[in-house]
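As structure tokens, the structure follows; a few thoughts come after it.
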Amino acid sequence: MQTNNLAKTYLLNHSRDELVQFVNSIGIENYRADQLFKGIYHQLLPDFNNLTTLSKELRKKLNDSTTLRTMVLTKTTKSIHDNTTKFLWLLADGLKIESVIIYEGKRTTFCISSQVGCALDCKFCATGKMGFLRNLSPGEIVEQVLLMKERAENPPTNIVFMGMGEPLLNLNKVLKASFLLSDPEGLAFPRKRITISTSGIASGIRKLADSDAPFSLAVSLNAAIEEKRRRIMPVSIKYPLDELKRSIKYYVEKTGKRVTFEYILIAGKNDSKEDADMLVKFTHSFPCKINLIPCNSLDEEYPAPTPSHVKWFSDYVHEKHRTVTVRLRKGWEIQAACGQLYSENNSKKGSKVSFV
Ligand code: SAH
Ligand code: SF4
């Protein structure tokens, strides 16, 4: 458990320009900032002890006033089937979050969290059951990637905000972290391979479009019939489907980018022929692809469909000229699959939104 780090400057919160200002403010020459940035992002240094380009005195000065790590790994769980690995991190204030590495052929996806818990209370999602505890800082988002990179079998090919939380309700920090991860002088992670996934916060989608941020967008549609969507995703009460559609249209027109629609399939809830027709209709006017996710069932009220029904749904949507893929279930038995991330946060009760 860390306590003293809270008082120190957390350098992972700093952009490269801010790092220059910071080193200046403590009386270190500007050009040293480049050495620090490389040490942090190329060498993945946990502190400055081994940054031998700096004098001993300077290293001590930095170690005394700054920190590069605020999170402690408390548990690693690995799937014996597919190597999917889930990490449980203890944050400096004692709360916990999870992140996951998914290996799939040549792809290595880092699935990261943007908040501790989530307020949006989607009925099929474990994180929703936690409620919202707090937003993560840019540094805490970046640190998940650095810590996983040290432990991964391969470097990441994709980074997705599909862990805990609703990234568009923590947009500024998510964007700052994404710019840091893609800084050409640092990790230089390809911008298009960072995907921000939203449950459909229409105002956030517009803000994202206006920000000209070069990252990719995924929208968790999950139902294209208003009544059904409201039942499983209360966020649809605040942002109904027509408003969501207008915001996506705005995004597509403003950015010229394609959007990914995620569609969780829950047996008997959103997987009928009518649901498929409405999905095709909703996505009709966008350049997009559809990613079907068989529900990782948390309880019998939200059961997974049979594989043959998933195939039928996928084929039906495909026949209507939509690009569609089915997401493999990865890490199911270790609760690392989509929607299964839930950290016990010392029995703290998170807040949930009420849109009614
Ligand atoms: N809050 C964001 C990102 C985190 S959730 C969002 O909702 O998009 C990441 C993805 O996991 C979403 O597409 C969500 O629909 C999906 N998901 C949540 N619970 C699930 C479950 N039980 N089974 C399968 N997918 C689930
Ligand atoms: Fe939050 Fe996304 Fe889970 Fe919904 S699916 S509760 S928005 S994390």
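When a ligand or atom number is given, it counts from 1 through the structure's own listing order.
Of the protein's non-hydrogen atoms, Cys125 SG, 2.4 Å is the one closest to atom 3 (Fe) of ligand 2. Scanning the protein for heavy atoms near atom 1 (Fe) of ligand 2, the closest one is Cys118 SG, 2.3 Å. At the top of the distance list for atom 2 (Fe) of ligand 2, counting protein heavy atoms only, stands Gly165 O, 4.5 Å.
Side chain to side chain, Asn83 and Glu153 meet the donor-acceptor criterion of an N or O pair below 3.5 Å. Judged purely by distance below 3.5 Å, without hydrogens or angles, the side chains of Tyr263 and Ser220 never pair a donor atom with an acceptor atom.
Of all atoms in ligand 1, listed by their number and element, those nearer than 4.0 Å to a heavy atom of Gly165 are 1 (N), 2 (C), 3 (C), 4 (C). Of all atoms in ligand 1, listed by their number and element, those nearer than 4.0 Å to a heavy atom of Thr198 are 6 (C), 8 (O). Taking a cut-off of under 4.0 Å to the non-hydrogen atoms of Ile293, the atoms of ligand 1 that pass are 24 (C), 25 (N). Atoms of ligand 1 found under 4.0 Å from any heavy atom of Glu166 (numbered from 1 in listed order, with element): 1 (N), 2 (C). Close approach to Gly128 involves these atoms of ligand 2, each under 4.0 Å from a residue heavy atom: 6 (S). When each atom of ligand 1 is checked for a heavy atom of Gly163 under 4.0 Å away, the hits are 4 (C). Which parts of ligand 1 touch Ser199 is read off a 4.0 Å heavy-atom cut-off, strictly below it: atoms 6 (C), 7 (O), 8 (O). Residue Glu262 has at least one heavy-atom neighbour below 4.0 Å for each of these atoms of ligand 1: 13 (O). Heavy-atom contacts of Ser199 reach the following atoms of ligand 2: 7 (S) (cutoff under 4.0 Å).
Between Cys295 and ligand 1 there is a heavy-atom distance shorter than 4.0 Å.
At a heavy-atom distance under 4.0 Å, only backbone atoms of Phe161 (N, CA, C or O) approach ligand 1. Only the side chain of Asn222 comes within contact range of ligand 1, with a heavy atom under 4.0 Å; no backbone atom does.
Taking the six-membered ring for Trp, Phe215 and Phe179 have ring centres closer than 6.0 Å.
Side-chain atoms of Glu140 come within 3.5 Å of backbone atoms of Ser137 as a donor-acceptor pair (strictly under, hydrogens ignored). Looking at Gln43, its side chain never comes within 3.5 Å of a backbone N or O of Leu45 through a donor-acceptor pair. Side chain of His284 to backbone of Leu279: no donor-acceptor contact under 3.5 angstrom is found. Within the 3.5 Å criterion, the main-chain N or O of Asp82 finds no donor-acceptor partner in the side chain of Tyr103. Here the side chain of Thr67 pairs no donor or acceptor atom with the backbone of Tyr10 at under 3.5 angstrom.
Backbone or side-chain N, O or S atoms of Cys122 reach atom 4 (Fe) of ligand 2 at under 2.8 Å.
Under a 4.0 Å N-O distance rule, the pair Glu226/Arg230 qualifies as a salt bridge.
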